[in-house]
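Please read the structure below before turning to the comments.
First the proteins, then the strands, lettered A, B, ... as listed; each starts at 1.
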4 protein chains.
Amino acid sequence: MNDHSLFAMKQNKNKEKYFRIIQAATRVFARRGFYQAKVSEIAREAKVADGTIYLYFENKDDILISLFEEQMKVVLQNMREQVAGLESPVQKLERFALCHLRLIEQNKDMAEIIQVELRQSSKFMKSYKNEQFAEYLDLIADIVRAGQQEGLFKKAILPDLVKRALFGALDELSRYWVLSSHRKYDIETAAKQISDTFLYGLAADSGKISAEIQGKRERRLR
Amino acid sequence: MNDHSLFAMKQNKNKEKYFRIIQAATRVFARRGFYQAKVSEIAREAKVADGTIYLYFENKDDILISLFEEQMKVVLQNMREQVAGLESPVQKLERFALCHLRLIEQNKDMAEIIQVELRQSSKFMKSYKNEQFAEYLDLIADIVRAGQQEGLFKKAILPDLVKRALFGALDELSRYWVLSSHRKYDIETAAKQISDTFLYGLAADSGKISAEIQGKRERRLR
Amino acid sequence: MNDHSLFAMKQNKNKEKYFRIIQAATRVFARRGFYQAKVSEIAREAKVADGTIYLYFENKDDILISLFEEQMKVVLQNMREQVAGLESPVQKLERFALCHLRLIEQNKDMAEIIQVELRQSSKFMKSYKNEQFAEYLDLIADIVRAGQQEGLFKKAILPDLVKRALFGALDELSRYWVLSSHRKYDIETAAKQISDTFLYGLAADSGKISAEIQGKRERRLR
Amino acid sequence: MNDHSLFAMKQNKNKEKYFRIIQAATRVFARRGFYQAKVSEIAREAKVADGTIYLYFENKDDILISLFEEQMKVVLQNMREQVAGLESPVQKLERFALCHLRLIEQNKDMAEIIQVELRQSSKFMKSYKNEQFAEYLDLIADIVRAGQQEGLFKKAILPDLVKRALFGALDELSRYWVLSSHRKYDIETAAKQISDTFLYGLAADSGKISAEIQGKRERRLR
DNA sequence: AATGAATGAGGCTTCATTCAT
DNA sequence: CATGAATGAAGCCTCATTCAT
């Protein structure tokens, strides 16, 4: 075994512990909130000693930041792949809404942190710019721009405004789910209603959009 | 001066101090966030002694809760009045969007708290149910229902879903403004784009909605 | 009404309020203990304003000291009268034991304070010497000395030691009663056993003491 | 060094620190009284950080309770051994009185706490039952019962009453010593007078008791 | 690298005391 | 004299972080 592989092994071992702490922190932050969460509780949940946390993270803030980065990396990558395979901006936007809500559903802890602590964090960590999140939002803006270029969406609509509006709409909806731990309507219905509302809302020509939306269904059924 | 007026004066004085603390807390919570805010800082900002806070509030949590209640009371009342004078659900929804964003603009500290701490609060104050906020959201749901009954909005759309989606869209937008303290587009544009998007999105018949939207403009110009 | 009578009236009014506070403090100190008792609670119980307390007492410590002084004054006076009418030291000692326990019984709050706070007080109020209490103890020492002079009690016994021993015996017994709020034996039995034990214990000649003890009974029956 | 000895060493270290805090608390509580004592002062006296206290004790109350438990454990054990070696109840009672006073003498801080704070404690720690102390008192009751069975003490005397009376007598005496920090008579004299008083007081036949008391002296001189 | 006992700064809260009315 | 709202000093306790092992 050469030095490199030794290093690699150590890295693996480290990475494994690093992620174990991230996972634990996700659960604890979701359960208690950032300020109520104790480092020692994260340590216990990760089955490491308190001090070990500080071999992998600068401080408590750094755990939260790293957690965002790591989780958003996966989320972003996943959403990119989901959207990449589709042609029409209409389908892409529909897919985005559905995937986002599903993601929240499957990853409630992370969702809760994004919704609750992400906001806190931008206050207490003034220096921290959540670039992953910005890129996530820009996925929407890119879809809108593409739709505008194809003449599907109104030119006058500001993509940077829509990206926040759509994200906000989805986020508020899921916030309600996450915190109330029950819901009146299922994910597919919610995603459909939200994306339809935005699609018709953005539509340059509602008939064309309607056809696109229907078209997708038909293609899917075929 | 009779007993009653003496009592009234004292009450006024008390109320005045109570609101001075609320105001101070609003600024401090907005500046630091709930957990970073120190009670002594609120006291200093309100120009009272630390102990005085506890003559008006149970504890730090209670300051936050009272702050919500008081501010939401005003916000809710104001929005009800704004919306009450209008006939068409279309106009109401437009007004709601515009007023909400203006409110945020004029009351950044409160907005920041609603957006950041309101979410925290539902975690750390498990028992606290923000009824005022629920009523605020229901203003939107009521508008949507009215629109559906008039045949303006699609019957299939769920008002309880839309209320969250619209609020979320507006909130996320203003969050960006509040936190970044600058913006690319003005309030009127943002409100118009959001409300138009939702109105066309909800429209049973886009032509009729279009007419309503135009109609309002015309009435306003007259 | 001349100045003097006005003064007298004021003094009366004052005295009345002064004692009302003393009474209230007795109840509150007994209920909570000195440190747990709040001045505002005493004020409430005395139906005066918090600030009024400080028109009659220097500070919280002073309330406790005054309370001792006033209550001990009564207790001391009462016990002096009880003992004065009796001839034999034997009877006097018996009477002392019985009266002390009855006093405790009828005045549980005061008893609790004497037993619990009196001890505290000698610590935190280093300067305070409880002279009334010393005189109370000396009632016993005087009885013992008289008994020694009459040849009833052993000359070798130290009166200053016995006074503490007897008081301690009675006090510990009543402490148990006061704190446990129930007892296995009645006051008369307890007083009799304690005084008998001490009388026989002090006796120069147990026969003579026995006769004295019996004698008293007979005189009483006559 | 194997795991076990490492563990043992750590335990020793911990135990050592635990007792260092107990010792420090004993001094500080004796000096200031429970309520005047500051946790930080105990920490300083124990040469640990403030927070360290809370690794070994729940809170300030728990320090006092633990202190009682630990010290009474030793006192009780010691007194049991002292009394166990003796045959006659007379000697046992004499020994109890002497040992108790010597114990107080050698352990003034602890004595002060028992006398002052033990009483407080039964108020502020309603739930806490000082079982060790009850057992300590029962040592006396057991001696009295034994004496009654041997026909030395009057059958009519209630052991549960005597145990409190004797303890009270000794305690009040030593309280005076502890608080006044000087005394008119030495421990042996005091112990002798108290125990003699109680022994003659309890005696079924004063001659027999007298012989017992003398007998012990003679045996001791032999 | 891992541990977890120890640290100690700092905040929320209480409450005796004051003083303007 | 009486009031009671206001004061602000002070202490218990928490918990992020360190460091000797």
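Note on A/Ala37: only backbone sugar-phosphate atoms sit closer than 4.0 angstrom, heavy atoms only; bases stay farther off.
For D/Ala111, the side chain to side chain contact (heavy atoms under 4.5 Å, CB included) partners are D/Ile104, D/Gln115, D/Val178, not counting sequence neighbours. Qualifying salt bridge (charged side-chain N to carboxylate O under 4.0 Å, His left out) partners for D/Lys38, counting only residues two or more places apart in sequence or in other chains: none. Take A/Thr52 and apply the side chain to side chain donor-acceptor pair (under 3.5 Å) test, not counting sequence neighbours, and it matches no residue. With sequence neighbours left out, C/Thr26 forms a side chain to side chain donor-acceptor pair (under 3.5 Å) with C/Gln71. Contacts of C/Tyr54 classified as ring pair (Phe, Tyr, Trp, His ring centres under 6.0 Å), with partners at least two apart in sequence or in another chain: none. For A/Lys73, the salt bridge (charged side-chain N to carboxylate O under 4.0 Å, His left out) test picks out A/Glu70, with sequence neighbours left out. Listed by chain and residue number, B/Glu16 satisfy the salt bridge (charged side-chain N to carboxylate O under 4.0 Å, His left out) test with B/Arg20 (two or more places apart in sequence, or in another chain).
Atom CZ in D/Phe34 sits roughly 11 Å away from atom C1' in F/dC12 (whole-Å rounding). The distance between atom CZ of C/Arg32 and atom C1' of E/dC15, rounded to the nearest whole Å, is 14 Å. At whole-Å resolution of the value, NZ in C/Lys47 and P in F/dG4 are 13 Å apart. For the pair D/Ile42 CD1 and F/dC13 P, the computed distance is 10 Å after rounding to whole Å. Between the CD atom of D/Glu41 and the C1' atom of E/dG8 there is a distance of 18 Å, rounded to whole Å. Regarding C/Arg44, its CZ atom lies at a distance of 13 Å from the C1' atom of E/dC15, rounded to whole Å. Atom P of nucleotide E/dC15 and atom OH of B/Tyr54 are separated by 13 Å, given to the nearest angstrom. Put simply, CD1 on D/Ile21 is 8 Å from P on E/dA6, counting in whole angstrom units.
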| How does DNA chain E look in dot-bracket form if you count Watson-Crick and G-U pairs under 3.5 Å, write [ ] for pairs that cross, and put | where a base pairs with another strand? | .||||||||||||||||||||
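Not one side-chain nitrogen or oxygen of A/Tyr56 sits closer than 4.0 Å to the OP1 or OP2 atom of E/dA1. Distances shown here put a side-chain N or O of A/Lys17 below 4.0 Å from the OP1 or OP2 atom of E/dA2. Phosphate proximity of F/dA16 to A/Tyr35: absent, as no side-chain N or O sits under 4.0 Å from OP1 or OP2.
The 5' end of DNA chain F is approached more closely, in terms of each residue's nearest nucleotide, by D/Val39 than by the other of A/Asn59 and D/Val39.
Remark: of the listed residues B/Gln36, B/Glu112, B/Glu45, B/Glu45 is the sole one forming a side chain to side chain donor-acceptor pair (under 3.5 Å) with B/Arg31.
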Please tabulate the protein-to-nucleotide N/O contacts below 3.5 Å involving nucleotides 8-10 of chain F, giving atom names and distances.
from	atom 1	to	atom 2	distance (Å)
F/dG8	N7	B/Gly51	N	3.3

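Between A/Leu67 and A/Met110, some side-chain heavy-atom pair lies under the 4.5 Å cut-off.
With E/dT13, F/dA5, F/dC13 as the candidates, the nucleotide lying closest to the side chain of D/Lys60 is F/dC13.
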